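Okay, structure first, notes after.
Labels below follow one simple rule: chain letters A, B, ... track the order of the sequence lines, proteins then strands, and each chain is numbered from 1. All figures in this text were calculated on a predicted structure; none of them were measured in a lab.
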Number of protein chains: 2
Amino acid sequence: MVLAMKVRQLTFRLLQVYADVVRTGSLTATANRLHLTQPTVSQQLKRLREIVGEPIVSHEEGRLVPTEVGQALYQLSQDLLSRADVFNQYLEEYNRGGRGHFSIGLVNTAQYVLPRLLGPFGQANPQVDVTVEIGNRQQMLNRFERHEDDIYVFSHPPIDDDVLAAPFLSNPLVVVGPQHCRWASVEGLNMDALKEERFLLREPGSATRHTFDAWLYNAGIELRSTQQIASNEAIRLAVASNMGLAVLSRHVVADSPNGVQELPLQGFPLKSRWHFVVRRQRRLPPAAIRFLSYVQGSLAQAFDEPEGEMAVAELLQALEAER
Amino acid sequence: MVLAMKVRQLTFRLLQVYADVVRTGSLTATANRLHLTQPTVSQQLKRLREIVGEPIVSHEEGRLVPTEVGQALYQLSQDLLSRADVFNQYLEEYNRGGRGHFSIGLVNTAQYVLPRLLGPFGQANPQVDVTVEIGNRQQMLNRFERHEDDIYVFSHPPIDDDVLAAPFLSNPLVVVGPQHCRWASVEGLNMDALKEERFLLREPGSATRHTFDAWLYNAGIELRSTQQIASNEAIRLAVASNMGLAVLSRHVVADSPNGVQELPLQGFPLKSRWHFVVRRQRRLPPAAIRFLSYVQGSLAQAFDEPEGEMAVAELLQALEAER
DNA sequence: CAGCACCATAGAAAATCATCTATGACTGTA
DNA sequence: TACAGTCATAGATGATTTTCTATGGTGCTG
């Protein structure tokens with residue numbers, strides 16, 4: 001005995017037809033139901049019998065009844081078809097974006113804001129699994145170069161034809177000092193006055209540092225004393241402990257300004273905006289699309305940034321067009 | 001969105017190939033393993049992707065890695081293939097006769113003997129499900145006409161070109177009387193002496209009755225007093241209760257002769273034999289074949305009937321040839 | 001940068017499939 | 001027995017599949 005059944009030739013179509021024949025007990029009925037002719041069904045059945053290598057139905061009093069093997073085959077058919085169907089449902093849900101996975105790469109500072117979008121999105125889409133990568137600007141650029149994530153958030157998107165960027169949220173950089181800082185109440189405070197202060201700065205790879213550096217350069221100012229700390233949070237604590245002043249995203253201090261306050265420095269806040277950044281060429285997982293759509297529909301309400309909605313809508317359109 | 005996946009076109013072959021690709025992570029490797037060329041595999045994969053409607057693999061550092069959808073598809077493949085495999089194993093077992101069902105129709109008297117074959121067979125083949133039908137000769141003939149069972153046991157098989165019959169066991173008919181019957185010790189006892197006795201007879205449809213009637217007819221004897229009882233067991237009890245004599249298969253009284261004894265009537269026992277009867281044209285379930293094979297191998301030992309083995313062997317050969 | 005290992009695509013031929021129409025065979029009922 | 005309903009078979013046809021060879025692109029690796 002070789003192989004009992006020629007599995008390789010087995011088609012789901014055949015199983016579908018067979019299952020219906022068993023259910024109706026009639027070739028003609030199945031033919032009608034499936035919009036085929038009776039001989040077609042007859043032939044399909046014959047072929048299935050050949051594949052199985054055994055008779056699968058027999059005529060009993062004008063009805064087609066599955067043989068013993070036929071019964072087992074019917075069960076198999078039901079089983080396989082329903083499993084295929086489950087997969088199908090998964091696929092549909094996946095395509096709808098309600099299920100699946102995507103990854104988003106955040107520049108450090110953005111982690112103070114994105115949870116406010118990712119959180120509700122995750123609530124609404126519990127089957128979606130989001131990987132959040134966090135790093136400073138340089139690290140994110142590296143990941144971006146290697147196409148490691150689906151979406152990135154930068155305040156200064158890399159420039160490339162392949163890049164689509166949607167500025168969705170303003171990211172004002174402010175100068176902060178300790179709670180009872182003497183500068184807090186100075187009118188018309190300017191940088192010259194602060195030149196002697198020690199500034200706690202993020203590392204050079206970070207966007208905040210980069211923006212501040214650029215501003216200093218333009219203003220022709222050189223700081224006397226600086227200290228480098230690679231974490232917004234650590235910087236905030238250090239400021240609160242009177243170790244110096246710092247330039248931080250207002251979002252970093254907005255939620256819980258314990259121990260620090262924004263200083264009314266002229267020219268500040270420095271304006272910058274976060275962008276959603278994706279590659280044109282990359283086909284985003286439907287879940288990522290769904291996230292962006294979600295964001296697009298909630299920015300105005302959540303952050304009062306209607307222009308952000310516009311930008312994200314444009315990005316989505318561009319992605320759509322890219323397909 | 002129409003249908004997520006074109007299920008109808010899905011083939012097990014495609015799933016087999018795909019599963020192997022995922023396992024090896026290489027088209028070339030799969031091509032070799034499945035004795036195909038690399039472009040073939042490549043194309044199959046492409047087709048599968050079209051059926052699913054989503055990319056299913058992606059290149060990662062020189063390896064083919066399933067995408068998220070691909071992973072789900074791989075699981076599906078494994079699942080479906082292994083289920084098909086289980087069915088395959090069932091099929092093989094079914095073909096081997098170690099699993100499945102058959103029905104056997106027994107003439108009443110044979111029920112005293114067949115358990116001695118069916119019992120051990122059932123022990124050895126617990127997955128085989130046997131339906132035993134029992135009736136008198138006429139009832140069994142009706143079933144036989146309607147092709148209702150796979151195997152029959154008759155002492156006088158119906159004659160037909162379509163019929164294959166193997167005499168497998170002698171069925172001696174003996175005259176029995178009550179335990180302390182006065183005829184028991186009579187030398188050279190003959191029928192004339194018993195003419196005045198009442199005879200308890202099976203109903204006309206039965207084979208035992210038929211055989212005895214024929215013998216009486218040949219011997220030119222007419223019985224004075226008879227009573228008809230449609231059950232061997234009831235007849236035996238009646239005989240034990242001194243209600244008369246009877247002709248029964250020796251097998252009926254052999255096991256537990258409580259209350260009755262065989263009478264040494266000249267010309268007795270009448271010789272007859274049970275036959276396995278099958279129709280040439282009917283394809284027996286493998287389990288039925290296996291039963292006959294089993295019988296063929298155990299008659300000599302169980303009943304000391306080596307000729308029966310021969311006859312059954314011939315029947316099996318004839319069936320084989322019929323295919 | 002030449003070579004190698006791998007994958008994708010094109011092109012082609014043979015096999016198989018999915019269907020249809022037409023027709024024959026069987027079965028049970030009027 | 002004739003009719004109606006149901007299934008099987010034959011023959012035909014276009015679509016799809018399977019599979020090959022040849023060839024081109026890409027990305028490591030020495």
Exercise. In whole angstrom, give the distance that lies between atom CD of A/E50 and atom C1' of C/dT16.
Key: 12 Å

Self-check item: B/E148/B/R143 salt bridge by N-O under 4.0 Å criterion
Solution: yes

Quiz item: Within this structure, what is the CG-to-C1' distance between A/N32 and D/dC7, rounded to whole angstrom?
Solution: 14 Å

Quiz prompt | A/R279 charged N/C atom sitting above A/F144 aromatic ring, 6.0 Å / 45° | solution = yes

Quiz item: Please give, in whole Å, the distance from C/dC17 C1' to B/F12 CZ?
Solution: 17 Å

Quiz item: If only side-chain N and O atoms of B/S42 are considered, is one of them under 4.0 Å from the OP1 or OP2 phosphate oxygen of C/dC7?
Solution: no

Practice problem: Please state whether the base of C/dA18 and the side chain of A/Q44 form at least one donor-acceptor pair under 3.5 Å? | Solution: no

Quiz item: Roughly, in whole Å, what's the span from CZ in A/R63 to C1' in C/dT27?
Solution: 16 Å

Practice problem: Between A/S26 and A/R8, name the one whose nearest nucleotide on DNA chain D is closer to the 5' end. | Solution: A/S26

Exercise. Using a cut-off of strictly less than 4.0 Å, decide whether A/R47 has a side-chain nitrogen or oxygen near OP1 or OP2 of C/dC17.
Key: yes

Quiz item: According to a strict under-4.0 Å criterion, is A/Q9 in side-chain N/O contact with OP1 or OP2 of C/dC17?
Solution: yes

Practice problem: Determine whether more than 12 heavy atoms belonging to other residues, nucleotides or ligands lie under 6.0 Å from atom CZ of B/R23. | Solution: yes

Quiz item: Given atom CG of A/L27 and atom P of C/dT19, what is their separation to the nearest angstrom?
Solution: 15 Å

Quiz item: Just by distance, with hydrogens left out, do B/T67 and B/S58 show a side-chain donor and acceptor under 3.5 Å apart?
Solution: no

Practice problem: Mind calculating the distance between CG (A/L45) and P (C/dA18) to the nearest angstrom? | Solution: 13 Å

Exercise. Starting from C1' on D/dT17, measure out to CZ on A/R13 and report it in whole angstrom.
Key: 17 Å

Quiz item: Is any side-chain N or O of B/H59 closer than 4.0 Å to OP1 or OP2 of D/dT26?
Solution: no

Quiz item: Reckon A/T40 has a side-chain N or O less than 4.0 Å from the OP1 or OP2 of C/dA18?
Solution: no

Quiz prompt | Contact under 4.0 Å: B/H35 side-chain N or O vs D/dT19 OP1/OP2 | solution = no

Quiz item: Would you say the side chain of B/Q43 and the base of C/dA8 hold a donor-acceptor pair, judged only by whether the two atoms sit under 3.5 Å apart?
Solution: no

Quiz item: Taking 4.0 angstrom as the limit, do B/E203 and B/R209 come out as a salt bridge?
Solution: no

Quiz item: Whole Å only: how far is the CD atom of A/Q38 from the P atom of C/dG24?
Solution: 15 Å

Quiz item: What nucleotide, of D/dC20, C/dT9, D/dT6, holds the atom closest to the side chain of A/T28?
Solution: D/dT6

Self-check item: A/P39 side chain, from C-beta outward: closest of C/dT19, C/dA22, C/dC7
Solution: C/dA22

Practice problem: Report yes if a side-chain nitrogen or oxygen of B/T37 is closer than 4.0 Å to either non-bridging phosphate oxygen (OP1 or OP2) of D/dT19; otherwise report no. | Solution: no

